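Worksheet: the structure to be examined is printed underneath.
All values derive from a computational prediction rather than experimental measurement. As the structure lists them, so they are numbered: ligands from 1, and atoms in each ligand from 1.
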Amino acid sequence: MQPALTFGNYQAHFVDTLQQLEAHEVWQRQPFTIVLVDSNTRAYCLPRLMELAVFQDALILEVPAGESTKNLDMCEHIWESLLAAKAGRDAVLVNLGGGMVSDLGGFVAGAYKRGIPFINIPTTVLAMVDATVGAKTGINLGGVKNSIGLFNEPEAVFFHLPFLETLPHEEVLSGFAEMLKHALLSGQEHWDALVAVGPEGIIANPELIIRSLKVKQAIVGQDPLEQGIRKTLNLGHTIGHALESESMRLGKPLLHGHTVALGMVAELWLSMQILGFPQKDFKAVSNYLLGLYGSFLNIDLSLDNLAELVGNDKKNRSKQFSFSLLQQFGKPEYNCNVSREQLLEALVYLRGSL
Ligand code: GLY
(Lines give C-alpha, C1' and ligand atoms only; values in the text may rest on other atoms or scores of the structure.)
Protein backbone atom coordinates (compact mmCIF):
# COMPACT_ATOMS: atom_id res chain seq x y z
CA MET A 1 0.00 0.00 0.00
CA GLN A 2 1.17 3.56 -0.73
CA PRO A 3 2.49 5.17 2.48
CA ALA A 4 0.71 8.28 3.76
CA LEU A 5 1.94 11.66 2.53
CA THR A 6 2.49 14.39 5.10
CA PHE A 7 1.20 17.91 4.45
CA GLY A 8 1.74 20.41 7.25
CA ASN A 9 0.14 18.95 10.40
CA TYR A 10 -1.94 16.28 8.66
CA GLN A 11 -1.55 13.22 6.51
CA ALA A 12 -3.11 12.06 3.27
CA HIS A 13 -3.79 8.31 3.56
CA PHE A 14 -4.41 5.88 0.72
CA VAL A 15 -7.06 3.39 1.81
CA ASP A 16 -7.84 0.20 -0.13
CA THR A 17 -10.95 -0.38 1.95
CA LEU A 18 -13.05 2.28 3.63
CA GLN A 19 -12.90 0.28 6.90
CA GLN A 20 -9.37 1.68 7.27
CA LEU A 21 -10.89 5.09 8.00
CA GLU A 22 -12.24 3.80 11.29
CA ALA A 23 -8.74 3.50 12.74
CA HIS A 24 -8.34 7.30 12.85
CA GLU A 25 -8.47 8.76 16.35
CA VAL A 26 -10.72 11.67 15.33
CA TRP A 27 -13.88 9.56 15.77
CA GLN A 28 -13.11 9.09 19.50
CA ARG A 29 -12.27 12.76 20.02
CA GLN A 30 -15.15 14.17 17.93
CA PRO A 31 -18.15 11.88 18.41
CA PHE A 32 -20.69 13.97 16.41
CA THR A 33 -20.10 13.20 12.71
CA ILE A 34 -21.55 15.35 9.94
CA VAL A 35 -21.09 14.39 6.30
CA LEU A 36 -21.30 17.03 3.58
CA VAL A 37 -22.22 15.59 0.18
CA ASP A 38 -23.51 16.88 -3.11
CA SER A 39 -26.22 15.22 -5.16
CA ASN A 40 -23.63 13.08 -7.01
CA THR A 41 -21.66 11.87 -4.02
CA ARG A 42 -24.87 11.20 -2.11
CA ALA A 43 -25.86 8.75 -4.85
CA TYR A 44 -22.50 7.20 -5.74
CA CYS A 45 -20.24 7.43 -2.67
CA LEU A 46 -22.24 7.96 0.52
CA PRO A 47 -23.83 4.46 0.53
CA ARG A 48 -20.30 3.00 0.79
CA LEU A 49 -19.44 5.24 3.72
CA MET A 50 -22.69 4.46 5.51
CA GLU A 51 -21.63 0.82 5.78
CA LEU A 52 -19.10 1.91 8.44
CA ALA A 53 -20.02 1.92 12.11
CA VAL A 54 -18.63 5.42 12.70
CA PHE A 55 -21.15 6.85 10.23
CA GLN A 56 -24.25 5.08 11.56
CA ASP A 57 -25.57 8.15 13.42
CA ALA A 58 -24.03 10.79 11.16
CA LEU A 59 -25.96 13.87 10.14
CA ILE A 60 -26.00 14.08 6.33
CA LEU A 61 -26.07 17.50 4.69
CA GLU A 62 -26.59 17.65 0.94
CA VAL A 63 -25.85 20.62 -1.31
CA PRO A 64 -26.47 20.90 -5.06
CA ALA A 65 -23.59 19.75 -7.29
CA GLY A 66 -21.66 22.42 -9.17
CA GLU A 67 -19.35 25.35 -8.52
CA SER A 68 -22.21 27.87 -8.18
CA THR A 69 -23.07 26.19 -4.84
CA LYS A 70 -19.88 27.65 -3.33
CA ASN A 71 -21.53 30.83 -2.07
CA LEU A 72 -22.34 32.67 1.13
CA ASP A 73 -26.03 31.68 1.10
CA MET A 74 -25.01 28.03 1.08
CA CYS A 75 -22.62 28.63 3.99
CA GLU A 76 -25.45 30.23 5.95
CA HIS A 77 -27.72 27.30 5.12
CA ILE A 78 -25.11 24.80 6.38
CA TRP A 79 -24.34 26.82 9.52
CA GLU A 80 -28.08 27.00 10.30
CA SER A 81 -28.39 23.23 9.80
CA LEU A 82 -25.46 22.69 12.18
CA LEU A 83 -27.06 24.96 14.80
CA ALA A 84 -30.42 23.22 14.37
CA ALA A 85 -28.72 19.85 14.93
CA LYS A 86 -26.98 21.30 18.02
CA ALA A 87 -23.55 20.52 16.62
CA GLY A 88 -20.93 21.72 19.06
CA ARG A 89 -17.18 21.70 19.20
CA ASP A 90 -17.36 17.91 19.52
CA ALA A 91 -18.39 17.69 15.86
CA VAL A 92 -16.29 16.69 12.87
CA LEU A 93 -17.31 17.58 9.33
CA VAL A 94 -16.52 15.01 6.64
CA ASN A 95 -16.32 16.50 3.15
CA LEU A 96 -17.23 13.71 0.74
CA GLY A 97 -16.89 15.02 -2.78
CA GLY A 98 -14.92 16.98 -5.29
CA GLY A 99 -13.23 20.35 -4.92
CA MET A 100 -16.48 22.27 -4.50
CA VAL A 101 -17.46 20.20 -1.45
CA SER A 102 -14.02 20.40 0.20
CA ASP A 103 -13.62 24.14 -0.52
CA LEU A 104 -17.07 24.90 0.88
CA GLY A 105 -16.93 22.42 3.77
CA GLY A 106 -13.43 23.43 4.86
CA PHE A 107 -14.49 27.07 4.95
CA VAL A 108 -17.75 26.37 6.79
CA ALA A 109 -15.90 24.24 9.35
CA GLY A 110 -13.26 26.94 9.86
CA ALA A 111 -15.81 29.56 10.84
CA TYR A 112 -18.46 27.49 12.69
CA LYS A 113 -18.10 28.11 16.44
CA ARG A 114 -14.61 29.48 15.65
CA GLY A 115 -13.60 26.22 14.05
CA ILE A 116 -14.50 22.55 14.12
CA PRO A 117 -12.24 19.83 12.68
CA PHE A 118 -12.86 18.40 9.24
CA ILE A 119 -11.81 15.41 7.15
CA ASN A 120 -11.56 15.37 3.37
CA ILE A 121 -12.56 12.33 1.34
CA PRO A 122 -11.99 13.36 -2.27
CA THR A 123 -14.05 11.59 -4.91
CA THR A 124 -12.70 13.21 -8.08
CA VAL A 125 -9.27 13.27 -9.69
CA LEU A 126 -9.15 17.03 -9.28
CA ALA A 127 -9.94 16.86 -5.59
CA MET A 128 -7.32 14.13 -5.10
CA VAL A 129 -4.42 15.85 -6.84
CA ASP A 130 -5.24 19.39 -5.83
CA ALA A 131 -8.29 20.67 -3.96
CA THR A 132 -8.26 18.53 -0.81
CA VAL A 133 -4.55 18.86 -0.05
CA GLY A 134 -2.83 22.13 0.71
CA ALA A 135 -5.45 23.54 3.12
CA LYS A 136 -7.03 26.07 0.79
CA THR A 137 -10.74 26.49 1.47
CA GLY A 138 -13.17 29.11 0.28
CA ILE A 139 -16.18 30.31 -1.63
CA ASN A 140 -16.97 32.63 -4.52
CA LEU A 141 -18.32 36.13 -3.96
CA GLY A 142 -19.52 38.84 -6.34
CA GLY A 143 -18.76 36.66 -9.35
CA VAL A 144 -15.11 36.30 -8.31
CA LYS A 145 -13.87 32.78 -7.81
CA ASN A 146 -12.47 31.89 -4.35
CA SER A 147 -12.45 35.52 -3.22
CA ILE A 148 -13.39 34.62 0.38
CA GLY A 149 -11.49 31.86 2.11
CA LEU A 150 -9.17 30.52 4.76
CA PHE A 151 -6.07 28.42 4.90
CA ASN A 152 -7.54 25.69 7.08
CA GLU A 153 -5.90 22.30 7.50
CA PRO A 154 -8.02 19.13 7.56
CA GLU A 155 -7.48 16.54 10.28
CA ALA A 156 -6.70 14.02 7.54
CA VAL A 157 -7.39 13.24 3.90
CA PHE A 158 -8.42 9.74 2.76
CA PHE A 159 -7.93 8.67 -0.84
CA HIS A 160 -10.04 5.72 -1.91
CA LEU A 161 -9.32 5.21 -5.60
CA PRO A 162 -12.45 3.10 -6.38
CA PHE A 163 -14.50 6.29 -5.92
CA LEU A 164 -13.02 7.46 -9.24
CA GLU A 165 -14.62 4.58 -11.13
CA THR A 166 -18.05 6.24 -11.32
CA LEU A 167 -16.71 9.57 -12.63
CA PRO A 168 -17.88 10.82 -16.02
CA HIS A 169 -15.07 11.34 -18.54
CA GLU A 170 -15.39 15.15 -18.38
CA GLU A 171 -14.64 15.08 -14.65
CA VAL A 172 -11.55 12.93 -15.20
CA LEU A 173 -10.48 15.35 -17.92
CA SER A 174 -10.89 18.26 -15.50
CA GLY A 175 -8.58 16.64 -12.94
CA PHE A 176 -6.14 15.64 -15.67
CA ALA A 177 -5.60 19.36 -16.40
CA GLU A 178 -4.22 19.91 -12.88
CA MET A 179 -2.00 16.86 -13.37
CA LEU A 180 -0.70 18.35 -16.63
CA LYS A 181 -0.01 21.57 -14.72
CA HIS A 182 2.03 19.65 -12.14
CA ALA A 183 3.97 18.02 -14.99
CA LEU A 184 4.77 21.40 -16.58
CA LEU A 185 6.07 22.59 -13.20
CA SER A 186 8.11 19.45 -12.65
CA GLY A 187 9.69 18.64 -16.05
CA GLN A 188 9.42 17.27 -19.58
CA GLU A 189 9.72 13.63 -18.54
CA HIS A 190 6.69 13.97 -16.24
CA TRP A 191 4.74 15.64 -19.06
CA ASP A 192 5.66 12.85 -21.50
CA ALA A 193 4.58 10.19 -18.98
CA LEU A 194 1.13 11.79 -18.67
CA VAL A 195 0.68 12.31 -22.39
CA ALA A 196 1.66 8.68 -23.03
CA VAL A 197 -1.21 7.50 -20.81
CA GLY A 198 -3.73 10.29 -21.59
CA PRO A 199 -6.82 11.09 -19.51
CA GLU A 200 -8.40 7.72 -20.25
CA GLY A 201 -5.43 5.93 -18.64
CA ILE A 202 -5.28 7.85 -15.38
CA ILE A 203 -7.48 5.67 -13.22
CA ALA A 204 -5.59 2.54 -14.28
CA ASN A 205 -2.28 4.26 -13.44
CA PRO A 206 -2.70 5.64 -9.92
CA GLU A 207 1.07 6.09 -9.63
CA LEU A 208 0.56 9.16 -11.84
CA ILE A 209 -1.96 10.54 -9.33
CA ILE A 210 0.60 9.97 -6.56
CA ARG A 211 3.34 11.59 -8.65
CA SER A 212 1.16 14.64 -9.08
CA LEU A 213 0.43 14.80 -5.38
CA LYS A 214 4.14 14.67 -4.62
CA VAL A 215 4.75 17.71 -6.84
CA LYS A 216 2.10 19.59 -4.90
CA GLN A 217 3.41 18.30 -1.55
CA ALA A 218 6.96 19.50 -2.32
CA ILE A 219 5.80 22.99 -3.26
CA VAL A 220 3.25 23.46 -0.45
CA GLY A 221 5.79 22.10 2.05
CA GLN A 222 8.12 25.00 1.25
CA ASP A 223 5.46 27.70 1.28
CA PRO A 224 2.15 26.68 2.89
CA LEU A 225 0.68 30.20 2.95
CA GLU A 226 1.56 31.11 -0.63
CA GLN A 227 4.01 33.90 0.06
CA GLY A 228 6.35 32.78 -2.71
CA ILE A 229 6.93 29.52 -4.55
CA ARG A 230 3.40 28.19 -3.97
CA LYS A 231 2.23 30.87 -6.40
CA THR A 232 3.71 28.68 -9.16
CA LEU A 233 0.82 26.25 -8.57
CA ASN A 234 -1.38 28.97 -10.03
CA LEU A 235 0.00 28.43 -13.52
CA GLY A 236 -3.01 28.67 -15.84
CA HIS A 237 -5.28 29.80 -13.00
CA THR A 238 -5.11 33.57 -13.38
CA ILE A 239 -6.76 33.44 -16.79
CA GLY A 240 -8.45 30.11 -15.97
CA HIS A 241 -10.32 31.60 -13.00
CA ALA A 242 -11.45 34.53 -15.15
CA LEU A 243 -12.79 32.09 -17.77
CA GLU A 244 -14.49 30.06 -15.06
CA SER A 245 -16.11 33.11 -13.43
CA GLU A 246 -17.23 34.45 -16.82
CA SER A 247 -18.71 31.07 -17.78
CA MET A 248 -20.70 31.04 -14.50
CA ARG A 249 -21.92 34.60 -15.09
CA LEU A 250 -23.14 33.57 -18.55
CA GLY A 251 -24.96 30.56 -17.11
CA LYS A 252 -22.78 28.06 -19.02
CA PRO A 253 -20.40 26.94 -16.27
CA LEU A 254 -17.21 25.25 -17.38
CA LEU A 255 -15.38 22.74 -15.21
CA HIS A 256 -12.42 24.13 -13.28
CA GLY A 257 -9.80 21.96 -14.95
CA HIS A 258 -11.06 22.79 -18.42
CA THR A 259 -10.63 26.51 -17.76
CA VAL A 260 -7.21 25.94 -16.19
CA ALA A 261 -6.10 24.02 -19.29
CA LEU A 262 -7.23 26.87 -21.55
CA GLY A 263 -5.73 29.37 -19.12
CA MET A 264 -2.44 27.49 -19.46
CA VAL A 265 -2.52 27.94 -23.25
CA ALA A 266 -2.84 31.72 -22.83
CA GLU A 267 -0.33 31.85 -19.97
CA LEU A 268 2.23 29.75 -21.85
CA TRP A 269 1.82 32.17 -24.73
CA LEU A 270 2.72 34.93 -22.22
CA SER A 271 5.58 32.73 -20.98
CA MET A 272 6.92 32.56 -24.52
CA GLN A 273 6.73 36.35 -24.97
CA ILE A 274 8.01 37.32 -21.53
CA LEU A 275 10.29 34.51 -20.31
CA GLY A 276 11.36 32.94 -23.60
CA PHE A 277 9.50 29.62 -23.10
CA PRO A 278 10.68 27.66 -26.19
CA GLN A 279 8.38 28.03 -29.19
CA LYS A 280 8.51 24.35 -30.14
CA ASP A 281 7.46 23.32 -26.61
CA PHE A 282 4.72 25.94 -26.69
CA LYS A 283 3.38 24.48 -29.94
CA ALA A 284 3.44 20.91 -28.64
CA VAL A 285 1.87 21.74 -25.26
CA SER A 286 -0.77 24.14 -26.56
CA ASN A 287 -1.78 21.77 -29.38
CA TYR A 288 -2.24 18.99 -26.85
CA LEU A 289 -4.26 21.18 -24.48
CA LEU A 290 -6.40 22.65 -27.24
CA GLY A 291 -7.04 19.18 -28.65
CA LEU A 292 -8.37 17.96 -25.29
CA TYR A 293 -10.10 21.07 -23.95
CA GLY A 294 -10.61 23.57 -26.81
CA SER A 295 -14.08 22.38 -27.77
CA PHE A 296 -15.44 23.02 -24.26
CA LEU A 297 -15.01 26.79 -24.51
CA ASN A 298 -18.53 27.53 -25.71
CA ILE A 299 -18.85 31.13 -24.46
CA ASP A 300 -18.14 34.43 -26.20
CA LEU A 301 -14.90 35.71 -24.78
CA SER A 302 -15.41 39.35 -23.82
CA LEU A 303 -11.84 40.61 -23.48
CA ASP A 304 -12.85 43.53 -21.27
CA ASN A 305 -14.80 41.32 -18.86
CA LEU A 306 -11.93 38.85 -18.67
CA ALA A 307 -9.33 41.60 -18.11
CA GLU A 308 -11.55 43.01 -15.34
CA LEU A 309 -11.78 39.57 -13.71
CA VAL A 310 -8.01 39.04 -14.01
CA GLY A 311 -7.68 42.41 -12.23
CA ASN A 312 -9.41 40.82 -9.20
CA ASP A 313 -6.88 38.01 -8.93
CA LYS A 314 -5.40 37.59 -5.45
CA LYS A 315 -1.81 37.64 -6.74
CA ASN A 316 -2.02 41.20 -8.09
CA ARG A 317 -0.10 43.92 -6.35
CA SER A 318 -1.38 47.49 -6.78
CA LYS A 319 -2.43 47.93 -10.42
CA GLN A 320 -0.13 45.41 -12.11
CA PHE A 321 -1.18 41.99 -13.32
CA SER A 322 0.97 39.43 -11.59
CA PHE A 323 1.29 35.98 -13.16
CA SER A 324 3.03 32.69 -12.53
CA LEU A 325 4.69 31.72 -15.81
CA LEU A 326 7.14 29.14 -17.13
CA GLN A 327 10.66 29.74 -18.41
CA GLN A 328 10.94 26.14 -19.60
CA PHE A 329 9.57 22.73 -18.55
CA GLY A 330 10.25 22.43 -14.81
CA LYS A 331 11.35 26.08 -14.40
CA PRO A 332 8.42 28.19 -13.18
CA GLU A 333 8.65 31.82 -12.11
CA TYR A 334 6.19 33.79 -10.01
CA ASN A 335 5.44 37.53 -9.56
CA CYS A 336 5.87 38.07 -13.31
CA ASN A 337 4.51 41.47 -14.34
CA VAL A 338 2.15 41.42 -17.29
CA SER A 339 0.76 44.58 -18.89
CA ARG A 340 -2.87 44.93 -19.89
CA GLU A 341 -1.79 44.94 -23.56
CA GLN A 342 0.08 41.65 -23.14
CA LEU A 343 -2.90 40.12 -21.34
CA LEU A 344 -5.27 41.18 -24.12
CA GLU A 345 -2.89 39.80 -26.76
CA ALA A 346 -2.80 36.46 -24.92
CA LEU A 347 -6.61 36.35 -24.80
CA VAL A 348 -6.81 37.24 -28.50
CA TYR A 349 -4.36 34.40 -29.18
CA LEU A 350 -6.50 31.96 -27.17
CA ARG A 351 -9.69 33.09 -28.87
CA GLY A 352 -8.07 32.78 -32.31
CA SER A 353 -6.81 29.26 -31.66
CA LEU A 354 -10.21 27.77 -30.77
N1 GLY B 1 -4.49 24.98 -6.26
C2 GLY B 1 -3.30 25.68 -6.02
C3 GLY B 1 -2.81 25.61 -4.63
O4 GLY B 1 -3.27 24.79 -3.86
O5 GLY B 1 -1.97 26.38 -4.25
Exercise. Using a strict cut-off of less than 4.0 Å between a Lys/Arg side-chain nitrogen and an Asp/Glu carboxylate oxygen, indicate whether K136 and E226 qualify as a salt bridge.
Key: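 Counted as a salt bridge, because a side-chain N and a carboxylate O are separated by less than 4.0 Å.
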- Message: Tell me the protein heavy atom at minimum distance from atom 5 (O) of ligand 1, and give that distance in Å.
- Response: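 Closest protein heavy atom to atom 5 (O) of ligand 1: R230 NE, 2.8 Å.
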Going by the order shown, which atoms of ligand 1 are within less than 4.0 Å of some heavy atom of [X]?
X: E226; answer: 5 (O)
X: K216; answer: 1 (N), 3 (C), 4 (O)
X: D130; answer: 1 (N), 2 (C), 4 (O)
X: L233; answer: 2 (C), 3 (C), 5 (O)

- Query: Looking only at heavy atoms, is any part of E178 under 4.0 Å from ligand 1, and if so is it the side chain, the backbone, or both, or is it neither?
  - Reply: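 Near ligand 1, E178 shows nothing, with every heavy atom at 4.0 Å or more.
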Exercise. Is the ring centre of W27 less than 6.0 Å from the ring centre of F32?
Worked result: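 No, they do not, as the ring centres are separated by 6.0 Å or more.
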- Item | Main-chain N/O of G134 paired to R230 side chain as donor or acceptor, under 3.5 Å |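 Here the side-chain-to-backbone pair exists.
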Next on the checklist: Closer than 3.5 angstrom, by distance alone: can the side chain of D223 be matched with the main-chain N or O of I229 as a donor-acceptor pair?
Outcome noted: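 Yes: the side chain of D223 pairs with the backbone of I229.
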Look only at interatomic distance and state if [X] has a nitrogen or oxygen under 3.5 Å from any nitrogen or oxygen of ligand 1.
X: H237; answer: no
X: K136; answer: yes
X: K181; answer: no

Go through the side-chain N and O atoms of D16 and Q20 and say whether any donor and acceptor fall under 3.5 Å apart.
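Q20 and D16 do not have a side-chain donor-acceptor pair below 3.5 Å.
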* Can you establish whether the number of heavy atoms outside Q279 located under 6.0 Å from its atom CD is more than 12? =>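 Counting other residues, nucleotides and ligands, CD of Q279 stays at 12 neighbours or fewer.
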- Can you list every pair that meets side chain to side chain donor-acceptor pair (under 3.5 Å) and has a residue in residues 281-298, with sequence neighbours left out?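 Residue pairs passing side chain to side chain donor-acceptor pair (under 3.5 Å), neighbours aside: none found.
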